[in-house]
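Naming convention: chains lettered A, B, ... in sequence-line order (proteins, then strands); numbering from 1 in each chain.
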Number of protein chains: 2
Amino acid sequence: MVTAPSFLIADDHPMVRDALASALGQAFPGAGIAMAATLGQVQAALEREPETDALLLDLDMPGMEGLTGIALLRSEYPIVPIIVVSAAREPIVVRRAYEFGASAYIDKSASLEEIVGTVGAVLEGEIFAPPEAELPDSFAQRAAQLTPQQWRVLALMIQGDQNKQIAHKLGVGEATVKAHVTVILRKLGVRSRTQAVIEARGLAIPAAEPVRP
Amino acid sequence: MVTAPSFLIADDHPMVRDALASALGQAFPGAGIAMAATLGQVQAALEREPETDALLLDLDMPGMEGLTGIALLRSEYPIVPIIVVSAAREPIVVRRAYEFGASAYIDKSASLEEIVGTVGAVLEGEIFAPPEAELPDSFAQRAAQLTPQQWRVLALMIQGDQNKQIAHKLGVGEATVKAHVTVILRKLGVRSRTQAVIEARGLAIPAAEPVRP
DNA sequence: GCCACAATCAGACCAAAGTCGAAGGCCTGA
DNA sequence: TCAGGCCTTCGACTTTGGTCTGATTGTGGC
């Protein structure tokens, strides 16, 4: 690390942001630190500063919808290492975070020293996104085939948006959105938008028991 | 407030604890600040210092089991005002927190200034009603209006079934299913099948919430 | 008996979802 | 440089979803 590193801290809780920022500022003097509270702000910040050395990402942020946000960011900015900072300790969440290309996973219950240490390790390249090893036939594997634009469409589908709304938000025609949806459904191996939403939400919500009438 | 106040901060995340402690330390110079990471530690701390002026309590802590921890603490130490600090924004959680005797409810997304302000208000004896005093009808409330057959239809919708499949499984015509779906959507206050599935799955799976810090 | 309501269905109708084919832009390797 | 592949875009078309009107049947309560 020749020059001072630059960080992007993404968390919707000001407390957490401040705590991380001050800890990183002390551990890495002169470091550039940007903040984001929503997925949209993360994207905007990465657009402005594509050379960010590490993104500290909270999973529970507006617009993230769980793990789908990681995949979206990874497909848009594959160079930026993502360090997931989450309170979720479920092994399946951790594993899927890695499947989607996270460089590290830090439990929010960890001490600031541990967090700083992990960040440093990522900066040194000691920890990197594990290669897309042979994964079981999981939904995550199928989902990894989606293109950036398709992820954007899926992210909005998951929020319950209709094709028309998605088209407006993405600035494209409704026909385009429909085409993307068609490809998404085929790649995910489902037959309808509703099933796609259920599966994709399952990424953020493991252990989904069917409702009994 | 003649003397400096004493606080007990209960949160299992060191980051949050430190952030709250430093904010309160600055806002209330000379204040006594104790920490706790589990329900047991909260009880021990209150045993040692029954004159605590305010307990800042996180809902998602080991041993808390959600809102029942509030009731337990209230029954053991009725004089200690409890300020719930949680990431859960669900109206029902907020409402129940008040039902169990919380003096205030702070969203973790709030700024430190807001938090300090709320704590100060509680110290002054202002147990003020939350902005969410007029709670909107919850999804669960709306869902309770469904008839048994409508529940069956919704259960199959949640599994991703199409109207035709639902009709076959229930042994009725597709027109009937459509009629039910129309009523379900209206009762749930959503505009599409996909939105209904999203809402209903969020209701049936509270396991989705523990992911939040 | 009367009333309210759940459940069933038909037919018409409009909106949304989804499929198919095709065009243009961009990158890469021959 | 050109061919081939991929992403993105879109229009035209088909299918499904959802609403509305209206109707029949059965059930339980007053």
Is B:H180 near enough to C:dT8 that one of its side-chain N or O atoms lies under 4.0 angstrom from OP1 or OP2?
yes
Atom NE2 in A:H180, atom CG in A:L146: separation rounded to 0.5 Å?
11.0 Å
N/O donor-acceptor pair under 3.5 Å between A:D53 side chain and A:S6 backbone
yes
Ignoring hydrogens, what is the shortest heavy-atom contact between A:Q162 and A:R193? Give both atom names and the distance.
CA-NH1, 4.1 Å
Please report the distance, rounded to the nearest Å, between NZ in B:K187 and P in D:dG18.
17 Å
Here the gap from B:L56 atom CG to B:M35 atom CE, rounded to the nearest 0.5 Å, amounts to 10.5 Å
According to a strict under-4.0 Å criterion, is A:T176 in side-chain N/O contact with OP1 or OP2 of D:dT8?
no
Please give, in whole Å, the distance from D:dG17 P to A:Q195 CD?
11 Å
If you fit an axis to the five pairs at each end of the helix from C:dG1-D:dC30 to C:dA30-D:dT1, how big is the angle between those two axes, to 10 degrees?
30°
What's the verdict on side-chain contact (heavy atoms from CB on, under 4.5 Å) for B:L156 and B:Q165, showing C-alpha distance, side-chain angles and the deciding distance?
CA-CA 9 Å; B:L156 294 173; B:Q165 301 175 272; over 6 Å; no
Taking only the side-chain nitrogens and oxygens of B:Q162, find out if one of them lies under 4.0 Å from OP1 or OP2 of C:dA17.
no
Counting side-chain heavy atoms from CB outward, which of D:dC20, C:dA16, C:dA17 is closest to B:R191?
C:dA16
Counting the atoms with a prime plus P, OP1 and OP2 as sugar-phosphate, which does A:E174 contact under 4.0 Å by heavy atoms, base, sugar-phosphate, or nothing?
nothing
Would you indicate, yes or no, if C:dA16 has its OP1 or OP2 atom less than 4.0 angstrom from a side-chain nitrogen or oxygen of A:K164?
yes
The reported gap from CG in A:L39 to CG in A:D12 (rounded to nearest 0.5 angstrom) is 11.5 Å
Rounded to whole Å, CG of A:L154 lies from C1' of D:dT8 at a distance of 17 Å
Length of the NZ-P vector between B:K178 and D:dT21, whole Å
17 Å
Among D:dC10, D:dG18, D:dT8, which nucleotide has an atom closest to any side-chain atom of A:P148?
D:dT8
For B:I198 and A:I158, work out which heavy atoms get closest and say how close.
CD1-O, 2.9 Å
Within this structure, what is the CG-to-P distance between A:L185 and C:dA16, rounded to whole angstrom?
18 Å
Under 4.0 Å: is that the gap between some side-chain N or O of A:N163 and OP1 or OP2 of C:dA17?
yes
Separation of atom CE in A:M157 from atom C1' in C:dA16, rounded to whole Å
13 Å
Where the side chain of B:S192 is concerned, which of D:dG18, D:dT8, D:dC10 is the nearest nucleotide?
D:dG18
First of B:T194 and B:V172 reached from the 5' end of DNA chain C, by closest nucleotide
B:V172
Taken to the nearest whole Å, CZ/A:R193 to P/D:dG18 is 11 Å
Side-chain N or O of B:T182 versus OP1/OP2 of D:dG18: is the shortest distance under 4.0 Å?
no
Starting at atom CD of B:Q150, determine the distance to atom C1' of C:dA7, rounded to an integer number of angstrom.
9 Å
Closest non-hydrogen atom pair, B:I166 against B:V153
CD1-O, 4.0 Å
